[in-house]
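As structure tokens, the structure follows; a few thoughts come after it.
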Amino acid sequence: MGTGLGRVLLLVYGIFALSASARALVQITTHFSEAPLAYLLSAVAGAVYIAATVGLAVGGPRGRQIALISCTIELLGVLIVGTLSITDKVAFPDDTVWSHFGSGYGYVPLILPFIGLWWIHRHRPTKP
């Protein structure tokens, strides 16, 4: 993670960890009753981004496993929530980080897990 794209990836995950968590905190504390599902999903997204950031930063076998699981959950989350936010507008009266496949964040939430999973796969340990 210490060079080039790895640093950028870690920076973007860190930014999303902070922004998604802060968004969820504000949404939940100020108007939770308006869209509880959406706001709880924002909190889940924040937790997933925090875990991915920590896993990528720590590295090693354990960090790699945490990052791999987090990026997989992130990918599934953005695909499922993205689809549901389009097909079931009643359940999503307000946006989450993953609504409409991350359109509110320039679709970065849709692209980021693919890059993260590719990076993890590309930098897997080689057998001696």
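Relative ring orientation between Tyr13 and Tyr49 is described as tilted, the plane-to-plane angle lying within the 30° to 60° band.
The minimum heavy-atom distance between Cys71 and Ile120, with the atom names listed, is SG-CD1, 4.0 Å. Between Ala20 and Gly46 the shortest heavy-atom distance is CB-CA, 3.7 Å. Of all heavy-atom pairs spanning Ala67 and Ala52, the tightest one is CB-O, 4.3 Å.
Considering only residues two or more places apart in sequence or on other chains, Ser42 meets the side chain to side chain donor-acceptor pair (under 3.5 Å) condition with Gln27. Under the side chain to side chain contact (heavy atoms under 4.5 Å, CB included) criterion, Ser85 pairs with Phe92, Ser99, His100, sequence neighbours left out.
Checked options Leu112, Ile115, Thr53; the residue passing with Val12 is Leu112 (criterion: side-chain contact (heavy atoms from CB on, under 4.5 Å)).
Note on Leu75: it clusters hydrophobically with Ile73, by side-chain heavy-atom contacts below 4.5 Å among ILVMFWY residues. Following chains of ILVMFWY side-chain contacts shorter than 4.5 Å, one can reach Val108 starting from Phe101, so the two form part of one hydrophobic cluster. Cluster annotation: Val97 and Leu79 are assigned to the same hydrophobic cluster (Ile/Leu/Val/Met/Phe/Trp/Tyr, side-chain heavy-atom contacts under 4.5 Å, transitive). Cluster annotation: Phe16 is not connected to Leu25 through the hydrophobic network of ILVMFWY side chains, with a link wherever side-chain heavy atoms come within less than 4.5 Å. There is no path of hydrophobic side-chain contacts, each under 4.5 Å, that joins Ile66 to Leu10.
With rounding to the nearest 0.5 Å, the separation of CD in Gln65 from CG in Leu68 is 8.0 Å. The CG atom of Asp94 sits 12.0 Å away from the CG atom of Leu41 when rounded to the nearest 0.5 Å.
In this structure, Leu18 shares a hydrophobic cluster with no other residue, the cluster being traced through Ile, Leu, Val, Met, Phe, Trp and Tyr side chains under 4.5 angstrom apart. In this structure, Ile15 belongs to a hydrophobic cluster whose other members, linked by side-chain heavy atoms under 4.5 Å apart, are Leu11. Grouped by direct or indirect side-chain proximity (heavy atoms under 4.5 Å, Ile/Leu/Val/Met/Phe/Trp/Tyr only), Phe32 sits with Ile28, Tyr39, Leu40. When hydrophobic side chains of Ile, Leu, Val, Met, Phe, Trp and Tyr are connected at separations under 4.5 Å, Val90 ends up as a singleton with no cluster partners.
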> Which is it for Thr72 and Leu117 under the side-chain contact (heavy atoms from CB on, under 4.5 Å) test, yes or no, and what are the steps along the way?
Replying inline: CA-CA 7 Å; Thr72 303; Leu117 289 168; 3.7 Å; yes

Working note: Tyr107 + Val78, criterion side-chain contact (heavy atoms from CB on, under 4.5 Å); need CA distance, chi angles, decisive distance, verdict. CA-CA 10 Å; Tyr107 296 98; Val78 76; over 6 Å; no

With side-chain contact (heavy atoms from CB on, under 4.5 Å) as the criterion, how do Asp95 and Arg23 come out once you've worked through the C-alpha distance, each side chain's angles and the decisive distance to 0.1 Å? CA-CA 10 Å; Asp95 285 341; Arg23 176 185 185 143; 3.5 Å; yes

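You'll find the side chain of Val58 stays beyond 4.5 Å of the side chain of Arg62, heavy atoms only.
Heavy-atom neighbours of Glu34 CD from other residues, nucleotides or ligands within 6.0 Å: above the threshold of 12.
One N or O on the side chain of His123 and one on the backbone of Trp119 form a donor-acceptor pair closer than 3.5 Å.
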